[in-house]
Amino acid sequence: MRLIVARCEVRYSGRLDALLPEALRLLMIKSDGSVMVHADTGGFKPQNWMTPPTVIELERGGVPVPDEVASGYPDLGGVRTVTDARAAAAAVGLAPEEPTPAERAAADQAAAAAAAVVDEPLSKIVVRKRAGSTEDRLDIVISEVVSDVFHDMGEAAALEKSGVERELQELLADAPHHCGEGFRLVRREWPTDIGPVDLMCRDEDDGWVAVEIKRVGTIDAVEQLSRYLERMKDDPGMADIKGVLAAQSVKPQARVLAESRGLGWVEVDLDVLRGDREPALKLFDL
């Protein structure tokens with residue numbers, strides 16, 4: 001993970017246009033391609049962000065640095081040139097051909113150019129992401145870098161839910177019809193590249209439905225479910241996937257936001273799921 005504290009201006013273009021005027025901000029760039037722009041206020045929510053998959057381009061002193069890894073630093077200490085790359089391949093038992101003089105000269109020239117700007121300050125970060133037929137883009141213009149550090153976070157341990165949310169997930173996996181009429185479970189913890197979906201189900205029309213389970217359904221839970229759906233809709237086989245937020249209680253604001261995005265929501269009773277109490281009768285049950 002790369003953490004940059006910088007005075008910068010952030011411009012978003014895509015489905016709409018937005019501008020964050022120049023100010024001191026924290027730029028967080030994760031190894032999976034996530035980019036977040038934070039202020040020192042506003043709680044945990046970033047002022048702007050881009051989820052993977054993204055293309056990240058950096059400039060130093062106004063010069064593009066194609067070899068710079070967004071989550072690290074310029075790769076100048078290891079494999080710099082075609083010659084080095086071929087030597088590395090040979091070291092692991094491969095038998096690459098010798099580089100031509102032109103290949104060697106071009107690679108050495110590129111490495112020298114990158115080395116020439118490595119001490120220049122970071123001046124711009126461009127983050128691009130395809131969104132259907134359009135492109136979302138973040139242009140971060142940096143006027144001053146206060147801090148620029150890289151942390152190798154290693155392998156992240158999987159999230160283990162505990163308490164009420166974990167129990168809700170287990171009980172709803174056994175009885176998915178509480179999330180929607182005719183729902184049947186396909187898998188718990190359905191993997192995506194931005195985290196697992198609690199339950200993946202099929203509805204009575206055999207359509208895909210992603211179910212996100214919370215103790216309390218909030219706006220943030222709706223946003224989380226929306227991000228999962230956005231990623232999964234990139235798969236042509238899931239282009240029509242639906243989403244449902246299931247919780248013991250769903251906040252009024254979350255209900256409005258979910259409905260505005262075409263998402264379903266349902267409140268579930270933990271005692272009923274446990275079998276400790278009979279469900280309340282409804283008019284059509286009489």
Side-chain angles (χ1 to χ4, degrees), residues 1-12 20 22-81 84-85 88 92 110-111 113-130 136-162 189 191-197 220-221 223-224 227-228 230-231:
M1 180 183 294
R2 189 170 183 173
L3 301 174
I4 304 168
V5 178
R7 188 168 298 279
C8 60
E9 174 190 280
V10 182
R11 185 179 297 274
Y12 168 80
L20 292 173
E22 184 175 291
L24 197 62
R25 296 187 173 89
L26 169 65
L27 310 176
M28 182 182 298
I29 307 177
K30 295 186 177 183
S31 59
D32 65 357
S34 302
V35 177
M36 286 164 282
V37 180
H38 284 275
D40 200 22
T41 57
F44 62 87
K45 188 173 182 179
Q47 292 184 308
N48 216 322
W49 67 92
M50 197 82 80
T51 57
T54 57
V55 175
I56 303 175
E57 301 162 340
L58 293 90
E59 294 182 9
R60 287 183 173 274
V63 179
V65 188
D67 294 329
E68 179 157 1
V69 180
S71 56
Y73 293 101
D75 186 11
L76 300 173
V79 177
R80 294 193 193 184
T81 66
D84 295 332
V92 294
V117 299
V118 69
D119 292 328
E120 291 289 331
L122 197 61
S123 58
K124 188 174 184 179
I125 301 173
V126 177
V127 187
R128 297 185 288 110
K129 176 181 178 177
R130 295 295 301 176
D136 291 338
R137 178 180 173 120
L138 277 180
D139 286 271
I140 304 172
V141 180
I142 299 171
S143 60
E144 178 189 6
V145 176
V146 177
S147 174
D148 185 356
V149 294
F150 169 68
H151 299 280
D152 185 355
M153 307 292 286
E155 287 293 323
L159 174 66
E160 293 185 3
K161 292 196 173 186
S162 59
E189 302 289 340
T192 76
D193 55 6
I194 57 172
V197 176
D220 288 331
E223 294 284 4
Q224 182 181 357
R227 290 194 295 272
Y228 288 148
E230 180 184 2
R231 293 296 304 119

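- No side-chain heavy atom of Asp32 sits under 4.5 Å from any side-chain heavy atom of Asp193.
- Nearest approach of Cys8 to Leu27, heavy atoms of both residues: SG-CD2, 4.1 Å.
- Residues passing the side-chain hydrogen bond (donor to acceptor under 3.5 Å, both in side chains) test with Asp220, sequence neighbours excluded: none.
- Partners of Val55 under the side-chain contact (heavy atoms from CB on, under 4.5 Å) rule, at least two apart in sequence or in another chain, are Glu57, Arg128.
- The shortest side-chain heavy-atom distance between Thr54 and Leu138 does not fall under the 4.5 Å cut-off.
- Arg7 contributes atom CZ, which lies 12.5 Å from atom CD1 of Ile142 (distance to the nearest 0.5 angstrom).
- We find that Glu120 and Arg60 are not joined by a salt bridge, their nearest charged nitrogen and carboxylate oxygen being 4.0 Å or further apart.
- Note that the NE2 atom of His38 and the CG atom of Leu3 stand 9.5 Å from one another [nearest 0.5 Å].
- Looking at heavy atoms from C-beta onward, Leu24 lies in side-chain contact with Val5 at the 4.5 angstrom threshold.
- In this structure, Ser31 and Met153 have side chains that are not in contact, with every pair of non-hydrogen atoms separated by 4.5 Å or more.
- Glu9 meets the side-chain hydrogen bond (donor to acceptor under 3.5 Å, both in side chains) test with no other residue; sequence neighbours excluded.
- Here Ser123 pairs with nothing under the side-chain hydrogen bond (donor to acceptor under 3.5 Å, both in side chains) rule; sequence neighbours left out.
- In this structure, CE on Met1 lies 6.5 Å from CE on Met36, to the nearest 0.5 angstrom.
- Taking the side chain as every heavy atom from C-beta outward, Ile125 and Ile4 approach each other to under 4.5 Å.
- Of all heavy-atom pairs spanning Asp148 and Arg2, the tightest one is OD2-NH2, 2.7 Å.
- By the side-chain hydrogen bond (donor to acceptor under 3.5 Å, both in side chains) test, Arg137 is found to be paired with Asp139, residues two or more places apart in sequence or in another chain being considered.
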Compile the donor-acceptor pairs under 3.5 Å between side chains in residues 39-52 and protein atoms, sequence neighbours left out, one pair per line.
| residue | atom | partner | partner atom | Å |
| --- | --- | --- | --- | --- |
| Gln47 | OE1 | Arg25 | NE | 2.9 |
| Thr51 | OG1 | Lys129 | NZ | 2.7 |

